[in-house]
Amino acid sequence: MAKNFIFFVLFLALACSSAPINQYQDSKTELVVHYNGKEVHRRSNYLTLTELTNLTEKKQEMVLIFSAGWCSACDLTRKAISQAKLKTKVHYLNIDRDWVKKIAATLEIRQVPTMVHVGRDGSFLRKEVGPGKIITYLLIKF
């Protein structure tokens, strides 16, 4: 019985300490790498509610991708998009945030990554689910 208890405590300690502390939190930090005066890498963060509101008030076309830090398909999508050098900016929303969950429920988004292409007038031009479909659409469109 004592061995089972010790095993359980060790298992619990390892399971709880395996994820980095800040992995699931939004932060406003940004990593920008410059080489010889040129920007060669930028790690973008998820949009905040204020930033999304400001974007919608500008009445311009937007590409939003609902994703999560724990989602490997989302990471693949983000890396492919950053390498594609698209002519439009892609904005990411963290599905783990409560306000994003409400938007996702309204738009009937049930999995990540999901892309929503929004027109200037606020109409939905396209919705794609999964890294392959998202990347293909963005490469063809932009």
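Just so it is clear, the values below take in all heavy atoms, side chains as well, and ignore hydrogens, waters and symmetry mates.
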Undergrad: Please identify each residue that fulfils salt bridge (Lys or Arg N to Asp or Glu O under 4.0 Å) with R126, with sequence neighbours left out.
TA: E128
Undergrad: Please examine the side chains of V112 and W70, heavy atoms only from C-beta on, and report whether any two atoms are closer than 4.5 Å.
TA: yes
Undergrad: Test of understanding: clusters of I, L, V, M, F, W, Y form through side-chain heavy atoms closer than 4.5 Å, transitively. Do V129 and F124 belong to the same one?
TA: no
Undergrad: Applying the 4.5 Å side-chain criterion to the ILVMFWY set and letting contacts propagate, would L76 and V63 be lumped into a single cluster?
TA: no
Undergrad: Hey, any chance V116 and L55 share a hydrophobic cluster, counting ILVMFWY side chains that come within less than 4.5 Å of each other, even indirectly?
TA: yes
Undergrad: Please evaluate residues I109 and K127 with respect to the criterion side-chain contact (heavy atoms from CB on, under 4.5 Å), reporting the C-alpha separation (whole Å), side-chain torsions for both, the decisive distance (0.1 Å), and the verdict.
TA: CA-CA 9 Å; I109 294 172; K127 180 178 170 183; 4.1 Å; yes
Undergrad: Is R97 close enough and on-axis enough to Y46, meaning under 6.0 Å and within 45°, for cation-pi?
TA: no
Undergrad: CG of N54 to CG of L49: how many Å apart, nearest 0.5 Å?
TA: 9.5 Å
Undergrad: Are any non-hydrogen side-chain atoms of L64 and L47 less than 4.5 angstrom apart?
TA: yes
Undergrad: Are M62 and L125 co-members of a hydrophobic cluster defined by side-chain heavy atoms under 4.5 Å apart?
TA: no
Undergrad: With the side chain counted from C-beta on, respond yes when S67 and T77 share a heavy-atom pair under 4.5 Å apart, and no when they do not.
TA: no
Undergrad: For the atom pair CD1 (I135) and CG (L86), what is the distance rounded to the nearest 0.5 Å?
TA: 9.5 Å
Undergrad: To the nearest 0.5 Å, what is the distance between SG (C71) and CG (N94)?
TA: 10.5 Å
Undergrad: With distance as the sole test, does T136 use its side chain to make a donor-acceptor pair with the main-chain N or O of K133 at under 3.5 Å?
TA: no
Undergrad: Just jot down the side chain to side chain contact (heavy atoms under 4.5 Å, CB included) partners of K141, sequence neighbours excluded, or say none.
TA: H117, Y137
Undergrad: Do the non-hydrogen side-chain atoms of R78 and I65 ever get within less than 4.5 Å of each other?
TA: no
Undergrad: Going from CH2 on W99 to CG on L52, what distance comes out if it is rounded to the nearest 0.5 angstrom?
TA: 5.0 Å
Undergrad: How many angstroms lie between CG in L138 and OG1 in T88, if you round to the nearest 0.5 Å?
TA: 8.5 Å
Undergrad: Measure the spacing between NZ of K101 and CD1 of I95 and express it to the nearest 0.5 Å.
TA: 8.0 Å
Undergrad: Apply side chain to side chain contact (heavy atoms under 4.5 Å, CB included) to T106 and list each qualifying residue two or more places apart in sequence or on a separate chain.
TA: none
